Amino acid sequence: MEKSVPEITLHDGVTIPVIGLGTYKLKGNQGVKAIQHAIDHAGYRLLDSAYNYENEGTLGEAVRSSSVSRDELRITSKLPGRYHSYDLAVMTIEESLYRANLDYYDLYLIHWPNPIQNQYIEAWQALIDAKKKGLIRSIGVCNFLPEHIESLVQETGVKPSINQIELHPFFNQASQREWHEQNQIHTQSWSPLARANDVLQNSLIQQIANGHNKTVSQVILRWHYQIGAISIPKSASPDRQLENISIFDFSLTPEEMSSISQLTKPDGRINNQDPAVYEEF
């Protein structure tokens with residue numbers, strides 16, 4: 001199963017699958033079972049968590065309970081906004097590892113830039129140093145605008161491998177994605193299905209899905225793959241997990257891709273979280 005999911009190589013040489021499992025709200029014993037099923041039966045190898053999801057322990061337990069060896073998995077967590085100062089960031093990365101009972105994370109990201117607080121460069125330095133110590137294999141960011149990333153590179157000389165941003169058909173982030181491509185930064189999509197709101201009822205996508213004998217979710221996730229974005233759909237349902245990862249046996253035409261991309265809206269953000277002003281706790 002896992003062989004059917006293509007991988008990409010980040011600019012630092014770390015390889016990751018082009019689709020992974022989002023784990024937000026997957027907690028406790030039920031969460032362990034859901035994540036373990038995704039690994040063992042649906043073929044997921046990329047698992048996305050965060051300190052603020054309060055489920056790093058659940059994720060670590062699922063990894064240990066699974067039949068797949070740790071080195072085949074790519075595990076992500078994220079630094080919360082309240083711990084951006086250097087010393088707190090260092091401790092938080094260590095705490096993330098203790099919570100999951102892991103020796104290292106494959107990817108560790110700054111969750112939001114929190115530009116008003118303006119300590120994200122300190123936080124980035126903590127990630128750089130944690131990578132040097134072998135605690136993290138690849139370091140990246142979430143929700144950073146180009147100017148935030150330019151500040152990181154200017155101050156530290158180190159470029160993120162990934163920027164995980166809100167990205168779905170109603171908010172396709174075309175200019176940000178183009179900027180990433182020009183700067184060898186991979187785009188990762190959070191809420192790739194727009195938290196399953198109106199997008200799953202969209203008649204245009206439904207029509208495309210019918211034409212391919214696929215579901216609306218599969219068409220949207222295929223769209224992410226074909227625009228070059230790594231998606232991390234969340235599901236606790238075994239059937240949905242398998243459905244979401246089964247997108248590599250068909251292709252969308254250029255016309256279909258274009259019509260989906262044209263669904264984007266200027267105000268397409270789900271919760272109006274603009275990285276220029278939003279402050280994460």
Side-chain angles (χ1 to χ4, degrees), residues 1-8 15-50 53-78 100 102 105-107 162 164 166-169 188-197 199-202 205-206 208-209 212-227 229-252 270:
M1 175 67 68
E2 68 274 11
K3 298 293 181 214
S4 63
V5 179
E7 292 191 335
I8 51 114
T15 59
I16 63 166
V18 297
I19 189 167
L21 181 77
T23 68
Y24 180 58
K25 291 190 175 172
L26 298 182
K27 293 186 184 184
N29 198 40
Q30 275 186 309
V32 170
K33 286 179 177 167
I35 298 168
Q36 186 186 345
H37 183 277
I39 298 168
D40 285 345
H41 301 290
Y44 286 85
R45 296 295 176 263
L46 173 63
L47 309 164
D48 181 87
S49 179
Y53 298 172
E54 297 181 338
N55 72 346
E56 292 164 317
T58 294
L59 177 57
E61 184 59 31
V63 166
R64 283 185 296 284
S65 307
S66 82
S67 60
V68 173
S69 67
R70 167 69 184 93
D71 61 359
E72 285 186 49
L73 299 171
R74 300 292 178 266
I75 304 173
T76 307
S77 196
K78 311 183 193 84
L102 294 172
Y105 279 102
D106 298 277
L107 266 170
I162 271 180
Q164 187 185 114
E166 178 176 354
L167 205 170
H168 44 78
Q188 195 170 35
S189 314
W190 63 260
S191 286
L193 301 173
R195 300 218 168 120
N197 57 14
V199 78
L200 295 186
Q201 316 303 321
N202 185 274
I205 305 177
Q206 184 64 65
I208 294 170
H212 290 280
N213 199 23
K214 292 288 179 183
T215 66
V216 169
S217 296
Q218 286 173 320
V219 166
I220 294 170
L221 293 170
R222 180 72 197 189
W223 172 81
H224 282 273
Y225 173 57
Q226 287 185 219
I227 61 172
I230 303 153
S231 59
I232 41 169
K234 174 186 80 77
S235 182
S237 153
D239 291 344
R240 194 61 53 73
Q241 288 175 354
L242 191 56
E243 175 190 321
N244 286 346
I245 205 170
S246 302
I247 58 166
F248 301 106
D249 58 351
F250 77 107
S251 289
L252 298 172
I270 298 166

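All values reported here derive from a predicted model rather than from experimental measurement.
The two residues L26 and A236 make their nearest non-hydrogen contact at CD2-CB, 3.6 Å. Considering every non-hydrogen atom in both V219 and A209, the closest pair reads CG2-CA, 3.5 Å. Across R64 and G57, no two heavy atoms sit closer than the pair NH2-O, 4.5 Å. When all heavy atoms of I245 and A42 are compared, the pair lying nearest together is CG2-O, 3.4 Å. Nearest approach of P6 to S4, heavy atoms of both residues: CD-O, 3.4 Å. Contact between K214 and F250 at its shortest, heavy atoms only, is CE-CD2, 3.5 Å.
Distance OG/S191 to CG/L167: 10.5 Å, rounded to 0.5 Å. Remark: Q188 CD to I162 CD1 distance equals 4.5 Å, nearest 0.5 Å. A distance of 10.5 Å separates CG in L47 from CD1 in I232, rounded to the nearest 0.5 Å. Atom CZ of R222 and atom OG of S217 lie 15.5 Å apart (nearest 0.5 Å). Between Y24 atom OH and E54 atom CD the span is 10.0 Å, to the nearest 0.5 Å. Rounded to the nearest 0.5 angstrom, S189 OG and Q164 CD are separated by 8.5 Å.
Using a 4.5 Å heavy-atom cutoff, the side chains of L46 and L21 are not in contact. Between W223 and I247 there is no side-chain heavy-atom pair separated by less than 4.5 Å. Side-chain contact between P192 and I220 is absent, with no heavy atoms from C-beta onward closer than 4.5 Å. Looking at heavy atoms from C-beta onward, P233 lies in side-chain contact with L221 at the 4.5 angstrom threshold. Looking only at side-chain heavy atoms (C-beta outward), I75 and L59 come within less than 4.5 Å of each other. Taking the side chain as every heavy atom from C-beta outward, I39 and Q36 never approach each other to under 4.5 Å. With a 4.5 Å cut-off on side-chain heavy atoms, L200 and I205 do not count as touching. With contacts defined as side-chain heavy-atom distances shorter than 4.5 Å, the pair H37/P238 qualifies.
Q241 and S235 form no side-chain donor-acceptor contact under 3.5 Å, judged by distance and modelled atom types alone. Inspection of the H224 and Q226 side chains reveals no N or O donor paired with an N or O acceptor under 3.5 Å. Using a 3.5 Å distance cut-off with no hydrogens or angles, the side chains of S237 and D239 do not pair a donor with an acceptor. E56 and S49 are not linked by any side-chain donor-acceptor pair at a separation below 3.5 angstrom, with hydrogens and angles left out of the test.
A salt bridge between K78 and D48 is present, with a side-chain N of the basic residue lying under 4.0 Å from a carboxylate O of the acidic one. The pair R70-D106 meets the salt-bridge criterion, since a charged nitrogen lies less than 4.0 angstrom from a carboxylate oxygen.
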Item to check | Chi angles and distances behind the side chain to side chain contact (heavy atoms under 4.5 Å, CB included) call for T15, I8 | outcome: CA-CA 6 Å; T15 59; I8 51 114; over 6 Å; no
Checklist entry - Stepwise, does the side chain to side chain contact (heavy atoms under 4.5 Å, CB included) test hold for E166 with I270? => result CA-CA 8 Å; E166 178 176 354; I270 298 166; 3.3 Å; yes
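Heavy atoms of other residues, nucleotides or ligands lying less than 6.0 angstrom from CD of E7 number more than 12. In D249, the CG atom is crowded: over 12 heavy atoms of neighbouring residues, nucleotides or ligands sit closer than 6.0 Å.
Using modelled atom types, no side-chain atom of Q206 and backbone atom of Q201 make a donor-acceptor pair closer than 3.5 Å. R45 places no side-chain N or O within 3.5 Å of a backbone atom of R74 that could act as its donor or acceptor partner. Here the side chain of N55 pairs no donor or acceptor atom with the backbone of T58 at under 3.5 angstrom. Looking at T215, its side chain does come within 3.5 Å of a backbone N or O of Q218 through a donor-acceptor pair.
Between F248 and Y225, the ring planes are perpendicular. Angles over 60° get that label, and only those under 30° would be called parallel.
Under the side-chain contact (heavy atoms from CB on, under 4.5 Å) test applied with S231, the options I19, L193, N244 reduce to a single match, I19.
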